[in-house]
Each structure stands twice: as C-alpha cells, then as structure tokens.
**Q** 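Below is a structure I'd like to ask you about.
In this text the structure is predicted, and so the values were computed from the model without any measurement. These values consider heavy atoms only, across backbone and side chains, with no hydrogens, waters or symmetry-generated copies. Numbers restart at 1 for each chain; the letters A, B, ... are given by sequence-line order, proteins then strands.
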2 protein chains.
Amino acid sequence: MLTGPVEIVGTGLIGTSIALACRRAGLEVLLTDTAPDHLRTATGLGAGRARTPADVPQLVVVAVPPDALGPAIVAALDAAGPDTVVTDVGSVKAPPLDAVGAHPSRSRYVGSHPMAGTEYSGPLTASASLFDGRPWAVTPGPDATPAATRTVEALVRLCGAVTVRLSPVEHDRAVARTSHVPHLMASLVAGTLAAAPPEHLALSGTGVRDVTRVAGGDPRLYSQIIAGNAAEVAALLTEVRARLDLVLEAVADDDRVGLESLLGYGQAGTRAIPGKHGTAPQAMEAVRVAVPDHPGELARLFADAGDSGVNIEDVRIDHDPGRPVGLVELDVVAERAEDLRVALESKGWTTHR
Amino acid sequence: MLTGPVEIVGTGLIGTSIALACRRAGLEVLLTDTAPDHLRTATGLGAGRARTPADVPQLVVVAVPPDALGPAIVAALDAAGPDTVVTDVGSVKAPPLDAVGAHPSRSRYVGSHPMAGTEYSGPLTASASLFDGRPWAVTPGPDATPAATRTVEALVRLCGAVTVRLSPVEHDRAVARTSHVPHLMASLVAGTLAAAPPEHLALSGTGVRDVTRVAGGDPRLYSQIIAGNAAEVAALLTEVRARLDLVLEAVADDDRVGLESLLGYGQAGTRAIPGKHGTAPQAMEAVRVAVPDHPGELARLFADAGDSGVNIEDVRIDHDPGRPVGLVELDVVAERAEDLRVALESKGWTTHR
C-alpha cells in the first residue's frame, strides 16, 4: 500500500513525471535535486515541495543520471527512516545493486526501470501520463524484502504502468537484447548513410527508415546507458558479430541455403516479440491505403476505419518523394484485414495488399 | 510518349500491377507468363490479353523472379520489333545488363526498379496504385538510346511513380545501402530475439519493433535479391563489420568518447535520409498522445489533429502490454509541434513531449 510521502531524488523528465503521477493520485511528494533551478521548475509544475530534514518518506525514488546513481542510492539508504523503501529508475540494474552492496538497509532497496522516456529531458518535459501502459521492470536483489518489493510495485501501478518482475542480472540481459544491441545495430546502419550520395538516399523506403529511427537518439545519453551494461552488451554483440561473419560468408560463397536459413532465423525472431497488451504474438496484416497528403485526409481515413469496427494496431506513413500522395499502412489482425479493405473501398479509398 | 501496346512478361504482383496501371491509362496490354494459371488470373482481373505472335509491343516489361531475369530479357530483345524498347523491374541492375551484353538490340534495353512491393506475391495481390508516389530507379546502360530511356520514364510517370536516374552500378550500390544491408542487420537483431525468454521480450518497446520489422519479409525472396547483389552487399557489410569491431572495442574498454562518436555518426546518418517528397531533411518533433485502445478513438484524434491544420508526417502506435491505453506518436515539423500540442490539449487529449 502506497500512502506517501514519496520522495523524488532528481527532478528530470522521469523523476518529475513520477512525482506528477503521485500527485495525481493525491500523495504527498517531496522533491530533492542538486540543481536549484530544476527543483524550482518541478515545484512550480505542482510536482511536490522541497524535502526538509524532518520529512520521513515512505518511498524514495532515485532518478539521477546513470553515472550518479550508485552514490545517490546509498545516500538515500543512509538518510532513510527505519521503514523507508528506496528504489531507482536507472536503465541498468546490476551496477546499482553492487553499489548498495552489504549496506545494513539493503533489504529495503528494490531497483526498477520504467520502459518510458523520450528524446527530451528536464522537468518541463515531464508528464503524469508518461508511463501509461508501459512495461516497468521491478528487480529485487536477493536480500530485498517482499514488503519493499510490493511498495515499489504499488508505485508502478499508481503510474499506470505494468510490472515485469526480473532479477537484476536478467533485466540487464533483457535490455541488452531488446534495447541496447538493437540501438547499436541501428546506429551502424545509419552510419552507412551518413556519407552516402543524396541520389542513393533517394531510394530510401520505409524499411531503412524503420531500421535506423532509434539511432536518432542522444549519443551522449546512450553511450552512458550502454557503457553501464557493457558486459551483457559485449556478450550479445559478440554473438551477433559471429552471425554477421556467417552472413558475409554466405554472401561471398553464393550460399543461398545458408543465407535463407539466417534470414529465416531473423523472421522467427520478429514473430517472437509479444503482441499488444502482452498477449501471445498475433498474425498481423498490413492494409495499404493511398492518402492525399494534406491535413484532414488522415482524419477522414481514420474515421472511416473507425466505422469499420476493425481495431488499428499500428500505423505507418510512407514518406514519398515528389508526389502529393502518401501511402498509409494500417496493421490489423490478419483475419480482419479483408473486412477493413472492403469497408475502406466502399468509402472510396484505394487500398492494396 | 507511351502509346502502347505494352507487353508484360511475368504476371506476378509487380508485373500485373504495372499492367493494371497501363490499362487504367487506356493503353493496350499484352500478357505473357509461363504459368497458365497466373496468366488466366491476370487477364481475368482486366490486366490485358494474352500476347499473340502477330503483336508488336512498343515496350516490353520483364517482371520475372531474379534468377530468371537475364534470359527473359535477352528473349524479349530477340523477339522484339525494330523499335520495341525492353525494360525489367529486377531489384539488382548490373546482372541483367551483363546478360544483355553485346546483344545487337542492346541500345533499346533500359533497366529499371520500382521501390514498391509487399510481402505478398501473385497477380491476385496486384494493384494499379502500387507505385503511387514511390521512387522508381531508371538505370540506362552506356549503349541505351535517350529515346529508349524516355519511353521507360514515361512508364514510370504513368504508374504514378517518380524517376530516380542512376547508372546500374550506382543503383546496386545504393540499394545495398538503403535496402539490402539494413535488411540483413535487422535480421541479425531479430535473430537474437528468436531464442530469448518471453519475460525478456516483455521489455520490448517501439525501438526494437522498428529495427526488426523488415526482417519479417520472405527469407527465400530476400536471399535471391541479396545474392544477386553479392559484391556490393559484401563490400558494405565488411565496412559495417569493421565499425562493429570498433563498437565492441569501445564497449569493452569503457571508451565513452569513442562510443559516443560512433553513436553520433549514426545520428548524423538518420538526418541524411531525405524528407517527405524528396525535400531536404527537416527537423521533426514527436507529439505523444495517450489514446484509449478501441475503434473510433484514433479517428477522433486525427479529426482533432486535422482541425489544428498541422500536417502529420508520420505516426507510430506504441504496443503496450496489459493496459487499455495506447501511446500514439505524431511526427510533425518541429516548429508546428507546440501548435498541435495546444490544439489537442484544448480538445481534452493528454499529450506529452
């Protein structure tokens, strides 16, 4: 049961967003930040009040940059009351647990990691709804008490997020796979475009845009995050390099069977990603619609799609050179694709598979 | 000037779609296919009539699988009238030109490559609008006449696509970069997910979904395509492997400056991709909106966004586990983002940066 007060250490995007979500739920929120202007901004946004020495928080959330995390968690445990639970929201979970080490209050530390955030930073970009529907890893160490874990999971619920319980080591292995290595690979692909002649890039379609999108993120932040998970990232990236060598070999030897099997393994991987709402992966199908490229047309398309009663699971807009028409791809569960196509055609849209 | 008749050799997805676009423009279309059922389906769809020996096409479009392309182009040149132009729509352009070699009619062959297609195949999936707004590479060899090139470019226009003129070698280098290597890298990332524990995959966000999406394509088709461009793919992939080694080294040595510089190079690459409509890349900003996950809500969102007068350049829907709310990201040019946010908030939407 989370009744507050909740202390937030570090009033950046994530910290202030958690503070706002706690305030939305009526909890008392105490704010701490080494940067007085951030603290002023966050209090000005109604995220809480500055902590005083007399305050005894029920839960402390440490939300400082990766490199400052360990000492800030230890400081929070040192200053905590006898029942205060401490969590953090860092992107990597083994290093902060190591920093806590044999601290006498280690049973009341439970790490966590909300899978949310934007390319922006600072309290002004915060939002109480940042975590709505997002996975939020909760990663108790071996000495954490069940009660402390429950308190952190109550925070997750209060923020509208969904707990994914993992050990710290498992968490770090998981994010190497679902976040850090994909980011690095996207960055390597994007790097090949940096020096390419413009007329080559004119052939760019949705594929390369999708593959490289995450590489647009802040290099400084991602280098900190990845460096914090160096061992897991290096292990997985070494595996990937071994498979890359196999691909290169298959291409050089015109070994189509080998190439097809490597591509088939990748195809199987895309099917392993869970569907929306954590359900088993579902077969999806894209309905492609030609849409005139001006305001209002997308609204008309979605109104007509809404009338069809078929739920749109994902949308992509193809950025096409030179013509005032866009191609919109609507992903729906495969068995409803034909219904949507028929409904849209009946409203005058040109669709194709 | 394209007046017809146009002969289509190979009535699969691409061939039949071109045939339908030519019919839409009122041209006579002649169809050829070694598979009688495909030919029957295509004529049944109104894509044209079966070619007879007496027909003399103005333009022959060879649209057969990669491995059959060379001989089919040579056969078309052999059978052509003295003014007939021959093109093909293969994904790689140096091999068909090699196949044509010193053919006496080589001046009337001009290769091409529409940047369109779907994960489906066969005439039943064809559409006259498949090429709307898409780039379409036109790749004349050294002996092609300007008149032959103009005829192929007239076909591109008629299909609603946009010509990108490149030499065959440049084309193959370009698609290695914008299509084949990104596909292979996406496949390698997706491969790391294939054997991952489900609780790790529960942390998957939009990033890894975007990076791996193209890897869902047919392994057999892509192995043919990539094998056809082996030299260019191998050259670029070798460069990528060298940079991957640098990344691994930077991660292992905790070399943050090096890692940051590699990530920065990737970030620069994402900015090099041309914007919509072939314009210079523009600074985009994402407006994030929480949207209840049922039919009609997206329609309401796009209606409200349409009313704001701000054009939506791209859309992403975050697939979130466990909660009936989705996060929709609307990409707009950066200087209009605040206008859109204000407009949506005034209609009761919760937005954040």
**Q** Could you tell me the separation between the CG atom of B:L259 and the CG atom of A:L184, rounded to the nearest 0.5 Å?
**A** 6.5 Å
**Q** Is any side-chain heavy atom of A:L166 closer than 4.5 Å to a side-chain heavy atom of B:H200?
**A** yes
**Q** What is the minimum heavy-atom distance between A:P219 and B:L263, and which atoms define it?
**A** O-CD1, 3.6 Å
**Q** Looking only at heavy atoms, which two atoms of B:R209 and A:I273 are closest? And how far apart?
**A** NH1-CG2, 3.3 Å
**Q** Keeping A:Q267 on the side-chain end and B:A215 on the backbone end, is there a donor-acceptor pair under 3.5 Å?
**A** no
**Q** For chain A, which of B:A186, B:S308, B:G207, B:A196 has the most heavy-atom pairs under 4.5 Å?
**A** B:A196
**Q** Measure across B:L203 and A:P135 and return the closest heavy-atom pair with its distance rounded to 0.1 Å.
**A** CD2-CB, 4.4 Å
**Q** Who wins among A:P198, A:A174, A:S261 for the most heavy-atom pairs under 4.5 Å with chain B?
**A** A:A174
**Q** Which region of A:D67, side chain (C-beta onward) or backbone (N, CA, C, O), has a non-hydrogen atom less than 4.5 Å from a non-hydrogen atom of chain B, or is it both or neither?
**A** side chain
**Q** Using a 4.5 angstrom heavy-atom cutoff, name the option from B:R243, B:R213, B:H113 with the most pairs to chain A.
**A** B:R213
**Q** Atom OG1 in B:T192, atom OH in A:Y265: separation rounded to 0.5 Å?
**A** 8.5 Å
**Q** Roughly how far apart are A:M185 CE and B:L188 CG, rounded to 0.5 Å?
**A** 5.0 Å
**Q** At a heavy-atom distance under 4.5 Å, which candidate from B:A268, B:P197, B:A227 has the highest pair count against chain A?
**A** B:A227
**Q** Counting heavy-atom pairs under 4.5 Å with chain B, which one of A:L236, A:L193, A:N229 comes out on top?
**A** A:L193
**Q** Select, from B:L237, B:V247, B:D304, B:L248, the one with the greatest count of heavy-atom pairs under 4.5 Å involving chain A.
**A** B:L248
**Q** To check you understand the geometry: which heavy-atom pair defines the closest contact between A:A190 and B:G266, and what is its length?
**A** CB-O, 3.1 Å
**Q** Can you tell me how far the CG atom of B:L244 sits from the OG1 atom of A:T238, to the nearest 0.5 Å?
**A** 8.5 Å
**Q** Which pair of heavy atoms, one from B:V189 and one from A:P182, lies closest together, and at what distance?
**A** CG1-CG, 3.8 Å
**Q** For residues 250-258 of chain B, give me every residue with a non-hydrogen atom less than 4.5 Å from any non-hydrogen atom of chain A.
**A** B:V251, B:D254, B:R256
**Q** Rounded to the nearest 0.5 Å, how far does CD1 of B:I226 lie from CD of A:E260?
**A** 11.0 Å
**Q** Tell me, out of B:E170, B:R241, B:E199, who's got the most heavy-atom pairs with chain A below 4.5 Å.
**A** B:R241
**Q** Work out which heavy atom in B:S129 is nearest to a heavy atom in A:T350; give both atom names and the distance.
**A** OG-CG2, 3.1 Å
**Q** Measure the shortest side-chain to side-chain distance between B:V211 and A:V214 over non-hydrogen atoms and say whether it is less than 4.5 angstrom.
**A** yes
